[in-house]
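Predicted model, so just to flag it, every value in this text is computed and none were measured. Letters A, B, ... are given to chains in the order of the sequence lines, protein chains preceding strands, and every chain is numbered from 1.
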Number of protein chains: 2
Amino acid sequence: MSEERWWGWGEAERRVSLGPRALAELATLVGEPVPSPPVDRADVRLPDAAAIPDSVARVVGAENVHTGEGDRLRHSHGMSYPDLVRLRSGRIEGAPDAIVRPADHQQVEGVLQACSREGVAVVPFGGGTSVVGGVDPVRGHLERIVSLDLSRLRAVEIDRHSLTARLGPGLTGPAAERALAVERVTLGHFPQSFEYATIGGFAATRSAGQASSGYGRFDELVTGVRLAAPAGGLRTLETPHSAAGPALRELVVGSEGALGVITEVSARIRPAPEAERYEAWIAPDFASGAEAVRELAQGRALPDVIRLSDRDETRVSLALSGTQGLARRAFDSYLRLRRRAQGCILITGWEGDRETVARRRAIGARILRPAGAVPLGGRPGRAWQRGRFEGPYVRDELLDLGYVVETLETAHTWSRLRALYEAVRTAIHGALGEHGTPGLVLCHLSHAYPDGASLYFTFLAPRRAGAEIEQWRAVKSAACAAILSAGGTITHHHAVGRDHVPYMEAEIGELGLDVLRAAKARLDPAGIMNPGKLLA
Amino acid sequence: MSEERWWGWGEAERRVSLGPRALAELATLVGEPVPSPPVDRADVRLPDAAAIPDSVARVVGAENVHTGEGDRLRHSHGMSYPDLVRLRSGRIEGAPDAIVRPADHQQVEGVLQACSREGVAVVPFGGGTSVVGGVDPVRGHLERIVSLDLSRLRAVEIDRHSLTARLGPGLTGPAAERALAVERVTLGHFPQSFEYATIGGFAATRSAGQASSGYGRFDELVTGVRLAAPAGGLRTLETPHSAAGPALRELVVGSEGALGVITEVSARIRPAPEAERYEAWIAPDFASGAEAVRELAQGRALPDVIRLSDRDETRVSLALSGTQGLARRAFDSYLRLRRRAQGCILITGWEGDRETVARRRAIGARILRPAGAVPLGGRPGRAWQRGRFEGPYVRDELLDLGYVVETLETAHTWSRLRALYEAVRTAIHGALGEHGTPGLVLCHLSHAYPDGASLYFTFLAPRRAGAEIEQWRAVKSAACAAILSAGGTITHHHAVGRDHVPYMEAEIGELGLDVLRAAKARLDPAGIMNPGKLLA
């Protein structure tokens with residue numbers, strides 16, 4: 001196994017190089033930042049660890065309690081921008097006192113009971129890929145804190161006949177898919193964090209994969225959950241549906257470790273696709289491209305993957321793609337020739353058996369062509385597919401170069417999507433400008449539904465050394481305020497974590513928050529579960 | 001407007017006559033019961049009404065508080081078997097002290113606050129069609145009770161572009177569809193109770209329409225809800241999705257009036273279908289028919305309506321259909337000719353634009369034919385479609401004739417559906433036999449999903465005069481026990497109401513129940529909302 005990159009994403013040795021032309025292009029677009037590599041590992045100091053109670057260790061056995069510095073550092077952060085800025089600078093905010101690795105549901109319950117009695121905060125930890133601070137070791141009112149690492153809960157039980165599987169929360173995306181591949185089935189859940197994120201995290205955060213238009217978001221795949229809470233265990237039926245009152249499953253899904261620990265997920269699976277067809281189109285502009293996506297969604301003709309970049313994202317991704325995908329110059333000439341200077345890239349991905357892919361693709365084309373979209377063929381589609389998990393590596397490169405780079409996402413109905421897009425874009429540009437660091441704001445529309453779609457924004461600007469968090473917070477706050485006043489949701493699939501806590505009241509109302517707090521008080525009376533997240 | 005049938009379903013004058021041959025057939029199959037018409041209306045005595053507080057009346061105005069006997073009788077029951085048995089015998093269990101008709105959300109909040117202060121129980125009332133006692137005027141620990149009639153909350157706001165609509169909870173199915181038809185859109189939600197049930201009731205009970213395989217269950221259509229609770233108001237965003245924590249929407253949907261009153265529903269709508277194609281097939285037997293439905297569901301080839309009757313339901317529905325649909329004798333010869341003595345009727349319904357219907361239907365046929373299903377053409381399909389809302393009228397006829405007739409439904413994964421079917425069927429037959437009234441047990445599979453399906457049972461036997469409720473309870477209890485021990489859900493779409501309360505702990509666990517009770521305590525601290533239902 002390759003060494004982990006302690007200061008960022010994935011494997012230490014795997015780099016996604018941007019190349020000199022891309023770097024020059026970026027410098028032209030947003031100015032040249034001051035390179036800012038991470039500090040030396042030796043300069044990173046962790047706070048001293050408090051001793052955790054014997055009663056906790058007894059549940060899992062001493063060999064499954066880790067207090068080494070490497071383990072504590074690895075569990076001291078997720079993958080949010082503030083997490084990474086702190087990590088790279090060596091200014092660790094806090095670290096768990098210990099990492100506890102239970103073997104199964106019973107042990108999770110045992111650990112939670114012991115921690116509840118002893119007043120020890122618990123942060124459930126899967127892949128540690130949260131981009132909103134969801135696994136940050138926040139102690140709240142408690143003095144001790146453990147990271148509950150779920151990597152040993154990896155059971156897999158496949159019901160091929162019903163196309164469902166019971167999956168342990170500690171399975172990473174690839175581990176789950178490898179187990180499913182033996183029976184030629186798949187979850188079809190491929191978020192950008194796929195390579196490291198886990199089944200438990202997918203459920204706890206309402207993750208949406210890149211192919212969610214076809215396979216469904218993760219919360220749509222989940223048919224049953226088992227929860228271990230300090231107050232006891234809870235299991236929902238695995239029947240395809242029930243009308244027996246409010247859906248407890250939907251209270252557990254999205255609970256982000258604040259109500260308890262998801263110890264088992266039952267999910268719908270699909271036959272592994274026999275064929276995949278990814279391609280790119282150029283839509284005349286963002287508005288007409290969005291209209292075409294709406295028509296696909298409302299005509300039950302959505303591809304499994306759909307992703308429409310706005311003009312700026314189209315230009316920047318072409319600039320950064322270097323020799324991959326389309327050659328930039330050829331593309332520019334092509335656009336001019338076809339008078340598509342406002343052109344927006346649209347990625348479509350179809351999966352399934354060959355015949356179905358061919359049929360659905362033909363139906364899709366019958367909607368896209370009259371909308372003015374021009375096919376670019378399979379090459380750029382496959383290039384997107386190859387690079388679909390590379391975003392976090394690119395982010396590390398950009399952080400090294402001295403950029404602030406952050407993503408945020410929202411969603412709304414088709415009628416209100418354009419206003420939301422303009423409002424958020426304007427807010428981010430404004431806030432970057434006010435901070436003296438004008439930059440790029442890129443957006444794509446994805447995760448389309450008959451009634452609306454999500455918008456995924458990326459912003460990029462030179463990082464303000466010494467004021468990284470302030471700069472980020474100013475932009476993030478402006479974007480969130482714009483989202484809320486446009487009536488969008490504060491998050492379509494990144495979840496609440498720590499970063500979105502201040503917006504929860506605007507999102508669900510004071511009474512709504514209180515209802516969730518009442519549920520939490522029953523499940524977690526001592527308030528040990530993931531302090532500072534979701535309902536803090 | 002025609003007169004309502006005070007002792008049962010729908011319009012007093014509308015009868016669905018069974019015909020002499022059907023009656024003879026039934027008598028042969030289950031024995032001849034003693035006819036038992038309802039008592040005279042004049043013999044029905046309601047308990048005296050307590051006075052309701054002025055503060056309640058002031059919110060809605062005295063003209064919207066009704067205490068007349070007709071109104072009280074109409075709101076004294078739903079449409080469950082025990083409800084009807086009591087009603088027909090004139091032995092009214094209880095009646096609301098008044099019917100209160102608020103005009104809008106604010107008035108609903110006002111009424112709930114006043115009732116909460118004064119200790120008056122509130123039963124939200126839409127169409128009064130609950131088949132599980134959901135609107136029975138149960139006082140719980142309180143002395144006074146009002147029925148909160150939502151018939152004035154009938155707002156309609158259509159967003160054609162996003163294919164969503166905001167709908168008032170008091171709209172009946174037909175009223176909502178008439179308003180939507182103006183814009184050539186539809187909810188596609190057609191449960192058997194469609195003609196009288198309301199939007200609010202659909203949401204509060206997780207209703208599933210007969211076309212749920214195509215259009216989705218009602219809880220899948222809902223994108224946002226507004227709730228008025230004694231503790232205040234709550235509104236969820238109407239965005240197509242949000243990852244901002246647990247889904248409060250899913251706590252309100254299915255809450256059956258026990259948490260508050262749903263005052264607005266935002267729901268997905270669809271273009272009205274240009275074409276409809278209903279037809280029938282004969283599957284060789286129930287098991288292979290179910291396998292064919294599974295293949296349709298897992299191959300993304302489900303019709304909008306799918307319904308597979310078991311052998312007994314097939315035979316009885318042919319017997320009862322009289323001159324409608326297929327002539328019985330011709331059908332029998334047909335079956336013998338094709339050696340389909342175990343034959344099970346499968347109804348398929350396709351809706352949409354002509355081309356899509358044709359395409360999907362052809363794909364469906366390519367799965368059904370190799371499974372041994374034989375097409376019977378459009379006539380029996382259309383006959384089913386014509387009679388799709390007649391079930392409750394037929395029930396009234398059967399009650400007049402002296403039968404006990406009840407339906408119950410469950411669901412499970414495909415792997416466990418057969419065992420569930422056998423267990424429930426055996427349990428109902430056994431309990432009927434033990435009561436000295438052997439009878440018919442009919443079942444159909446409907447509401448199919450990739451991972452499973454629901455089973456809908458009907459049982460029919462001579463009614464035990466003077467021991468109607470005991471007879472019913474014995475059979476219902478046996479069926480529920482069988483469902484739970486087979487791991488099925490206690491209800492796929494009839495909801496919990498009063499009849500399923502004893503099974504909620506088995507369904508969601510003690511801790512699950514406690515969590516819902518904690519949410520209720522926050523929203524309804526005085527416990528006035530729909531006592532005796534859901535969480536009682």
Side-chain angles (χ1 to χ4, degrees), chain A residues 159 161-164 205-206 217 223 231-248 250-251 253-256 268 298 411-415 449-453 488-496 500 504 507-509 511-512 514-516 518-519 521-523 534, chain B residues 159 161-164 205-206 217 223 231-248 250-251 253-256 268 298 411-415 449-453 488-496 500 504 507-509 511-512 514-516 518-519 521-523 534:
Chain A
D159 177 352
H161 189 71
S162 306
L163 286 181
T164 58
T205 62
R206 298 187 178 274
R217 293 182 315 269
T223 60
L234 189 153
R235 184 176 221 152
T236 66
L237 290 187
E238 291 169 313
T239 59
H241 178 62
S242 167
L248 275 178
E250 293 287 339
L251 191 73
V253 170
S255 60
E256 303 191 23
R268 295 191 173 95
Q298 295 185 347
H412 218 325
T413 51
W414 292 110
S415 295
Y449 307 91
D451 53 330
T489 174
I490 203 66
T491 174
H492 174 270
H493 62 272
H494 282 172
V496 178
H500 293 140
M504 278 297 276
E507 175 97 14
I508 65 172
L511 186 56
D514 266 4
V515 169
L516 296 185
R522 179 62 189 86
L523 291 164
L534 188 63
Chain B
D159 177 353
H161 190 70
S162 306
L163 286 181
T164 58
T205 62
R206 298 187 177 272
R217 294 183 314 269
T223 61
L234 188 153
R235 183 175 221 153
T236 67
L237 291 187
E238 290 169 311
T239 59
H241 177 63
S242 167
L248 275 178
E250 293 286 339
L251 190 74
V253 170
S255 60
E256 302 189 24
R268 296 191 173 97
Q298 296 185 346
H412 218 323
T413 51
W414 292 111
S415 295
Y449 308 89
D451 52 332
T489 173
I490 203 67
T491 173
H492 174 270
H493 61 272
H494 282 174
V496 179
H500 292 139
M504 277 297 275
E507 175 95 14
I508 65 170
L511 186 57
D514 266 4
V515 169
L516 296 184
R522 179 64 189 84
L523 291 164
L534 188 61

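Between chain A and the options Asp159(B), Thr205(B), Thr236(B), Ile490(B), heavy-atom pairs under 4.5 Å are most frequent for Asp159(B). Here Ala244(B) is the residue among Gly452(B), Ser255(B), Gly488(B), Ala244(B) with the most heavy-atom pairs under 4.5 Å with chain A. By number of non-hydrogen pairs under 4.5 angstrom with chain B, the leading residue of Asp451(A), Leu248(A), Val496(A) is Asp451(A). Contact tally against chain A (heavy-atom pairs below 4.5 Å) for Gly509(B), Ala521(B), Ala519(B), Ala495(B): the top residue is Ala495(B). Per-residue counts of heavy-atom pairs under 4.5 Å with chain A were compared for Ala411(B), Ser242(B), Gly512(B), Pro240(B); the largest is that of Pro240(B). Ranked by heavy-atom pairs under 4.5 Å with chain A, the list Gly245(B), Pro450(B), Gly233(B) is led by Gly245(B). The choice from Arg235(A), His492(A), His494(A) that makes the most heavy-atom pairs within less than 4.5 Å of chain B is His492(A). Comparing Glu238(B), Gln298(B), Met504(B), His493(B) by how many heavy-atom pairs each has under 4.5 Å with chain A, the most go to Gln298(B).
Within the 4.5 angstrom heavy-atom criterion, only side-chain atoms of Glu256(B), from C-beta onward, approach chain A. Only the backbone of Ala453(B) comes within contact range of chain A, with at least one heavy atom under 4.5 Å from a heavy atom of that chain. At a 4.5 Å heavy-atom cutoff, the contact between Asp514(B) and chain A is made by backbone and side-chain atoms alike. Contacts between Leu516(A) and chain B at a heavy-atom distance below 4.5 Å involve the side chain alone, from C-beta outward. For Leu534(B), the part lying under 4.5 angstrom from a heavy atom of chain A is the side chain only. For Val253(A), the part lying under 4.5 angstrom from a heavy atom of chain B is the backbone only. In this structure, chain A has heavy atoms under 4.5 Å from both the backbone and the side chain of Ile508(B). No part of His500(A) comes within reach of chain B, as not one of its non-hydrogen atoms sits under 4.5 angstrom from that chain.
Leu251(A) places none of its side-chain heavy atoms less than 4.5 Å from the side chain of Glu250(B). Looking only at side-chain heavy atoms (C-beta outward), Arg522(B) and Leu511(A) come within less than 4.5 Å of each other. The side-chain heavy atoms of Ser415(A) and Thr164(B), taken from C-beta on, include no pair separated by under 4.5 Å.
Atoms CG and NE2, from Leu237(A) and His412(B) in turn, are 7.5 Å apart once rounded to the nearest 0.5 Å.
The aromatic rings of His241(B) and Tyr449(A) sit tilted relative to each other, their planes meeting at an angle between 30° and 60°.
No side-chain donor-acceptor contact under 3.5 Å links Thr489(B) and Thr239(A).
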